[in-house]
Visitor: 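Encoded as structure tokens, here's the structure I'll be asking about.
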Amino acid sequence: MITRRKMIITIAGAAGAALTGGAIGALGQGVSSRGVKAQPRGKPSGRPFLSRLTDVAQQAGLTQPVIYGDADTKKYIIEVVGCGVAFIDYDNDGWQDLFILSGTRLDGAPAGTSNRLYKNNRDGTFTDVTATAGLQRTGWASAVTVGDYDNDGFDDLFITYYGQNVLYHNNGDGTFSDVTEKAGLHQSAVRYGSGCSWVDYDQDGRLDLFVANYLSTTLERLPKPGENADCTWKGIPVNCGPRGLPPGYVQLFHNNGDGTFTDVSKASGVSAASGAYPMTVVAADYDNDGWPDIYVACDSTPSWLFRNQHDGTFREEGLERGVALSEDGLEQAGMGVGVGDYDLDGNLDIFKTHFADDTNVLYHNDGKGNFDDVTIRAGLGVETRYVAWGTGVVDLDNDGFPDLFVATGSVYPEVERRLPAYPFRTPRLVFRNLGDGRFEELLEEAGSGVTAPHASRGCAFGDFDNDGDMDVLVMNMNELPSLLRNDVSGKNHWLKVQLVGVKTNRSAIGSRVVAQYGSRRQAQEVTAQSSFYSANDRRLHFGLGSETTADLTVRWTNGTTESFPKVGADQLVVIREGGGIIRKQKFR
């Protein structure tokens, strides 16, 4: 009997050829879209959803729009991909601040265009401190990763760009310094940076840096809309790519421990991967061997899973492991990635977002790093209308079962004028976890912040108001960002865990917490990038349902473990490696 995974490997080459010469050509588009029809919706569960998401960005003081390309016409792919956002407590005051990337325009950015750092005022509002923090910058920003690369106790920022990537060192006094050149990360040529993540791949206690590059070309070399078969969609001339454009590549930089990095892309084996358009990067231990692996969502090409070989090298095994293609062996337009334990079996599953006329995909992890596409069985095949980007596996209603959130938005503003069924601005998506391996899509029940249409890209998840639920920050093209305040009703409990490394990297990136609450057991891992080009609140959030305590097991990035029984609910606990729980904080 041929297993599903072996069958995928066998047909992968044929699938790619079919897409290049057949399905894609027939659709007349540059991205992979299988043209699948949505599955019929089942009978609604009728259960009340206790989470309501409301956009409070404007009243919170997020008053500057995110500029990214022309608002009504997109000539080139660089104008449509957009950028990420991040939660970061840059001043260590216990309140999450907001960092929002920005782009520019082909004919020059409007005055004041910049990335934005908003300081949390602790009263539901924020103050723009971009200038005083030294973070003003204009350009085609892509992704951000947050982590303390020099272990000085303050989170630093690495940002990818079309052009020149940037490393900002947090000085600990509310300001940042551009140390790109000093760190050895300056590039000699223009590159199109995409996903990036801090990762301690060799467990030496220092954060290394993994960087993806979307395309190997420059703006001047891009074809114009309608110029060839990869520059039309449904017969309408649109921006070109990624198909037909030179594919990108990935890089790995080793942290030398003195503020500098060394390019080890070739020595580590990651540079051997080729022929794809890499986007979001999520580093985590997918096979439970205690070492961080790296998953890369690739656009219109097979996605990559770099398995850590424990000796400073990686092996790309996306096809063998079942996370490169869809269940039917076809390439998809992989953009965003959510990682979490949706079925509470203690393993990290992968949720990946895709293009319109296709389903987003849920990969179930068997615990050994082998994955099965369970999209249809999980009830997620009911939605194929939108281009999907940022996403998260996050418990929105604190019932103890992680839900799915998706930000959406088209890449073709020109299409809506001729095909109204494909609008440029579209609603967000929420799939409520039913607790039995299945999800149901909530169309109105999740609140006005979900139903409102936007052309969104990156999103990040964190508790900005410290009230015990997970809020959402969303990047919107040429609009204000959205800050979706989550208001949870009912009596469900929750627990937040913040890890501080000592021998492990200070940010504890790559460390895992398993929470046992009642009969349920959920794994979460500290990551430095996920969603789409974005970074979440690093405080891990567990909804507990009716349970009032949880038993915690922490596995630090270097492999050591610690246990903490019967930790009380409805609080934040800060755990220092080797030092136990050093702080407990009740939220209001």
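The first residue in the sequence is number 1, and the count goes up from there. Note that the structure is predicted; figures quoted are calculated from it, not measured.
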Visitor: Between Lys566 and Asp551, does at least one N-O distance fall below 4.0 Å, as a salt bridge requires?
Guide: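 Here Lys566 does not pair with Asp551 in a salt bridge, since their nearest N and O are not under 4.0 Å apart.
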Visitor: Answer yes if the side chains of Asn288 and Arg512 hold a donor-acceptor pair under 3.5 Å, and no otherwise.
Guide: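 Short answer, yes.
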Visitor: Would you please say whether a donor-acceptor pair under 3.5 Å links the side chains of Asp89 and Gln96?
Guide: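 Short answer, no.
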Visitor: Between the main-chain N or O of Gly94 and the side-chain N or O of Asn466, is there a donor-acceptor pair closer than 3.5 Å?
Guide: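 Flag set: sc Asn466 to bb Gly94 pair under 3.5 Å.
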Visitor: Strictly below 4.0 Å, N to O, side chains only: are Asp366 and Lys368 in salt-bridge contact?
Guide: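 No.
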Visitor: Centroid-to-centroid, Phe461 to Phe405, below 6.0 Å?
Guide: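 Yes, close enough.
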Visitor: So, does Glu525 use its side chain to make a donor-acceptor pair with the main chain of Asp285 at under 3.5 Å?
Guide: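 Here the side-chain-to-backbone pair exists.
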Visitor: I'd like to know if the side chain of Tyr295 and the backbone of Val281 have a donor-acceptor N/O pair within less than 3.5 Å.
Guide: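 It does not hold such a pair.
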Visitor: If you measure from the Lys or Arg side-chain nitrogens to the Asp or Glu carboxylate oxygens, is any gap between Asp287 and Arg307 under 4.0 Å?
Guide: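 Counted as a salt bridge, because a side-chain N and a carboxylate O are separated by less than 4.0 Å.
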Visitor: Can you tell me how far NE2 of His493 sits from CG of Asn398, rounded to the nearest 0.5 angstrom?
Guide: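 So the CG of Asn398 and the NE2 of His493 are separated by 10.0 Å.
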Visitor: Answer yes or no: is there an ion pair linking Asp341 with Arg521, defined by an N-O contact shorter than 4.0 Å?
Guide: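 Between Arg521 and Asp341 there is no salt bridge, as every charged N stays at least 4.0 Å from the carboxylate O atoms.
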Visitor: Is there a side-chain contact between Val526 and Leu540, using heavy atoms and a 4.5 Å cut-off?
Guide: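 Touching, per the 4.5 Å side-chain cut-off.
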Visitor: Report the residue from Phe306, Phe314, Trp198, Trp304 that forms a ring-ring contact (aromatic ring centres under 6.0 Å, His included) with Phe210.
Guide: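 Of Phe306, Phe314, Trp198, Trp304, ring-ring contact (aromatic ring centres under 6.0 Å, His included) with Phe210 is met by Phe306 alone.
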Visitor: Once you measure the plane-to-plane angle for Trp494 and His541, does it fall in the parallel (<30°), tilted (30-60°) or perpendicular (>60°) bin?
Guide: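 Ring orientation, 0 to 90° scale: parallel.
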Visitor: Are Glu316 and Arg321 ion-paired here, with the side-chain N under 4.0 Å from a carboxylate O?
Guide: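 No salt bridge links Glu316 with Arg321.
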Visitor: Glu577 and side chain to side chain donor-acceptor pair (under 3.5 Å): which partner among Asn505, Thr557, Asn558?
Guide: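 Among the candidates, only Asn558 passes.
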Visitor: Assess whether atom CZ of Arg315 is packed by more than 12 heavy atoms of other residues, nucleotides or ligands within 6.0 Å.
Guide: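 Not more than 12 within 6.0 Å, no.
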Visitor: Do Asp148 and Ser507 have side-chain N/O donor and acceptor atoms under 3.5 Å apart?
Guide: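 No, Ser507 and Asp148 have no side-chain donor paired with an acceptor closer than 3.5 Å.
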